[in-house]
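Structure first, commentary second.
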Amino acid sequence: MPKSRIRKKADDYTPPSSKKATAIKLTNRSWVAPVMLAMFLIGLAWIVVFYVTDGKLPIDPLGNWNIVVGFGFIAAGFGVSTQWK
């Protein structure tokens, strides 16, 4: 049976090239916290005003949909909060 060939390893060792650290670009997101808090407070105020005025305010024709509008503002606040870093 023939003998298998032996592979010769290279005697030269070249270390892997050093990776340079990539700069992380941080954008100015100072607007996120005030907008998020404003949305939360607007939504909360909308719902509180609706209950305190027995459904006459903020918008009378919407009726109970005013609650949905208030929670919509709160949900938008949570949506904005995903941009906070």
Side-chain angles (χ1 to χ4, degrees):
M1 176 173 265
K3 195 172 185 180
S4 62
R5 296 184 193 174
I6 298 175
R7 289 187 231 157
K8 290 188 176 185
K9 294 182 180 177
D11 293 335
D12 309 7
Y13 174 72
T14 55
S17 61
S18 61
K19 295 181 180 179
K20 294 182 180 179
T22 57
I24 298 173
K25 183 179 179 184
L26 296 176
T27 59
N28 186 6
R29 297 191 184 226
S30 60
W31 59 271
V32 174
V35 171
M36 175 184 65
L37 291 175
M39 294 294 231
F40 288 154
L41 292 176
I42 290 171
L44 180 65
W46 194 287
I47 294 171
V48 167
V49 167
F50 174 73
Y51 278 115
V52 169
T53 62
D54 291 328
K56 300 296 179 196
L57 291 175
I59 301 175
D60 190 27
L62 286 180
N64 288 336
W65 283 97
N66 280 306
I67 298 171
V68 175
V69 173
F71 278 114
F73 275 110
I74 294 171
F78 279 113
V80 170
S81 72
T82 62
Q83 300 299 315
W84 196 2
K85 289 189 179 194

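The figures here come from the full heavy-atom set of this structure, side chains too, leaving out hydrogens, waters and symmetry mates. Along the sequence shown, residues carry numbers from 1.
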Worksheet item: How would you list, by chain and number, every residue that makes a ring pair (Phe, Tyr, Trp, His ring centres under 6.0 Å) with F78, sequence neighbours excluded?
Response: F40

Taking all heavy atoms of [X] and all of [Y], pick out the closest pair and write down the distance.
X: I74; Y: G43; value: CG1-CA, 4.0 Å
X: M39; Y: G77; value: CB-CA, 3.6 Å
X: T53; Y: L57; value: OG1-N, 3.1 Å
X: L62; Y: V69; value: CD1-CG2, 4.1 Å
X: A33; Y: W84; value: CB-CZ2, 4.4 Å

Worksheet item: Side chains of Y51 and N66: closer than 4.5 Å at any heavy-atom pair?
Response: no

Practice prompt. Mind checking the CD1-CZ spacing from I47 to F73? Nearest 0.5 Å is all I need.
Written response: 10.5 Å

Same cluster (ILVMFWY, side-chain, under 4.5 Å), [X] and [Y]:
X: L41; Y: V48; answer: no
X: I42; Y: V68; answer: yes
X: L44; Y: W65; answer: no
X: W46; Y: V49; answer: no

